[in-house]
Amino acid sequence: MSNILETELATSSSGSPLGATWMLAYREWIRFFRQRNRVIGALGQPIIFWLLFGTGMHSSFRSGNQDFMTYYLPGTLALIVLFTAIFTTISIIEDRREGFLQNVLVAPVPRWTIAAGKILGGGAIAWAQAIMFLLLALIFQGVPSASNLFGLLLLLALTSLALTAMGVFFAWPMESTQGFHAIMNLVLMPLWLLSGAFFPIPLTTASDSIGQWIMHWIMRLNPLSYSIAGLRHMLGATPVAEFWMPGLGTSWLVSIIFFGAMVLAAWRMVVRPQPGV
Amino acid sequence: MQPSESPLALDVNRVDYSYGAYIALQNLSLSIESGQIFALLGPNGSGKTTLFRLIGTLSPLQSGDIFVFGQSVRHQQGLVRGLLGVVFQAPSLDAKLTVLENIQCQAALYGLSGSTLRNRIAEVTKQMGITDRLNSLTGQLSGGLKRRVELAKGILHRPRLLLLDEPSTGLDPASRLDLWHALTRLRDLSGTTIVLTTHLLDEADKADRIAIMHAGQTVAVGRPQVLRQELGGQILSIQTDAPEVVTQWLADRQLEAQAIGNQLRVTGPMTVSILEQLTASFGTRLQSLTLGQPSLEDVFIARTGHQFWSHHEPE
């Protein structure tokens, strides 16, 4: 009796961080695709925008070799990724309100597994949604000859992970989904709008007002501008003299740094000691 | 068995905890031996949930320490988490996932996989009677079934100490009985120590030992029967609109009454004849008159001078 008890006393379960991360990511995946309205919300709206704006502004817009539908394609991809990232990370707030998050926090796995699970799961969903749209668009429009599909998928994956990590960073300390909506309107949507996704980034000239100058630099300092530019390059766009667009190398570099910074920010936010979780 | 071989399942050592100016726990010490069902009984605001969160490593300790099977919550968080199974009051199930998926999620968190996991799933689902529900979405289950799934999740990794926060909340009487059966089986078959919080007096009565909490401290610890017996033979409770007069009448007969509002409580050796004498002397001025064995509520009142139910704000 005493022997059995002794050996049992010594056993403390220890979780495997990788297994837990994988399971949490998988859970995001199941949850997302079981809620059909989320799939429609994240995919449908950007597609409708793309079709409406693309056809509506067809005659009034031209950027180098591209019409608006082609120009707006990377922006739509980024919007799908952004919406999906928002939808998946907003669930952190629900997880906290229900007991799911507490349950993970008392388990013998490090806290970063929660962030890792969300980022991988949410990122994968965002990526898959973006790929679905990309395939549709390419079938509909034809694949541009100068496109680099492999690079495109890789950059989309990187952007998906970065934006989901950003979502984790914002959602973690929130107590209500209303707070997250405020962040969405104040930070996330402007981030997308001012990234060259919807309209090109104009070059500054000596005659420009301060406002135009500030706008130019905000757009130029926006990390998402580089992801969009990278996608645009790989979809075969040629640089246009009157608009500012970073080169492909710079786009990759900034996107990688952005990804690293967002993952680091999310990680630090989640492992930070919190009295009231 | 030598004491060194069987450290206490839970050893709470001089723990204080405050939320700003509000003191939730005050120099609290408590030991719980292994293999018991132990209930923390107290009204809302007595500090049960705070203690629960501290043991569960959810809130950081402010002072003192807590040991789970000899492992310090302060210094060995990882080990403590591995020894604990925790079932929260808030449902921790993902409603969009099936019962099986929820259990698999839990398994991943506790590092269970392969054939071990398959065996454990078979074991806990049988134990909780949810084998035929594995593929149902948990969002569609009844409250009692959900609670059983929570419990199945909580014991999946065979915790040495199972913590349950208000496990009966939202359960109908039949499901409560069910739950209690499951808990006693768990204690008897696996030797799991179970610590639960409750504000239900009859539930605490079923535990092996209890601690009655009030204003962040334990006011009584022991076996429920013993605590009740300590109050003395019987308890007389009188509801009257003239408490002063009745108190005086009792004092004349060497009986000391404790007054809480219009209610008087008398403990000590009494016979049924006192009921007749009271009725004869006061008649309709008495709204109710009962003589019975002391309940845990009486223990609480005797130790704190407060009503169990009307008590809201600890001083």
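Here is the naming used below: chain letters follow the sequence lines, and residue numbers restart at 1 for every chain.
In this structure, chain A has a heavy atom under 4.5 Å from the side chain of B/F88, while its backbone stays farther away. For B/Q106, the part lying near chain A is the side chain, with the backbone staying farther off; criterion is any non-hydrogen pair under 4.5 Å. At a 4.5 Å heavy-atom cutoff, B/L112 makes no contact with chain A through either its backbone or its side chain. Neither the backbone nor the side chain of B/L84 comes within contact range of chain A; no heavy atoms are under 4.5 Å apart.
Within a 6.0 Å sphere centred on CD of B/Q62, heavy atoms belonging to other residues, nucleotides or ligands number more than 12. With a 6.0 Å radius and a threshold of 12 heavy atoms from other residues, nucleotides or ligands, A/Y26 has its OH atom at or below the threshold. Residue A/W22 places its CH2 atom among 12 or fewer non-hydrogen atoms of other residues, nucleotides or ligands, all under 6.0 Å distant. By the 6.0 Å contact criterion, CD on B/Q77 is enclosed, its count of non-hydrogen atoms from other residues, nucleotides or ligands being greater than 12. At most 12 heavy atoms of other shown residues, nucleotides or ligands fall within 6.0 angstrom of atom CH2 in A/W267.
Atom CE of A/M23 and atom CG of B/L109 lie 8.5 Å apart (nearest 0.5 Å). To the nearest 0.5 angstrom, B/E101 atom CD is 11.5 Å from A/R31 atom CZ.
In terms of heavy atoms, B/Y110 sits closest to A/V106 at OH-O, 3.8 Å.
Comparing A/N103, A/D95, A/L24, A/I30 by how many heavy-atom pairs each has under 4.5 Å with chain B, the most go to A/N103. Here A/V109 is the residue among A/T113, A/V109, A/L18 with the most heavy-atom pairs under 4.5 Å with chain B. Between chain A and the residues B/A108, B/S92, B/G191, the largest count of heavy-atom pairs under 4.5 Å involves B/S92.
Classification of B/K96 and A/E94 as a salt-bridged pair fails, no side-chain N sitting under 4.0 Å from a carboxylate O.
Under the 4.5 Å side-chain criterion, counting only non-hydrogen atoms from C-beta, A/R27 is in contact with B/L97. Annotation: side chain of B/T98 is in contact with side chain of A/R34 (closest heavy-atom distance under 4.5 Å).
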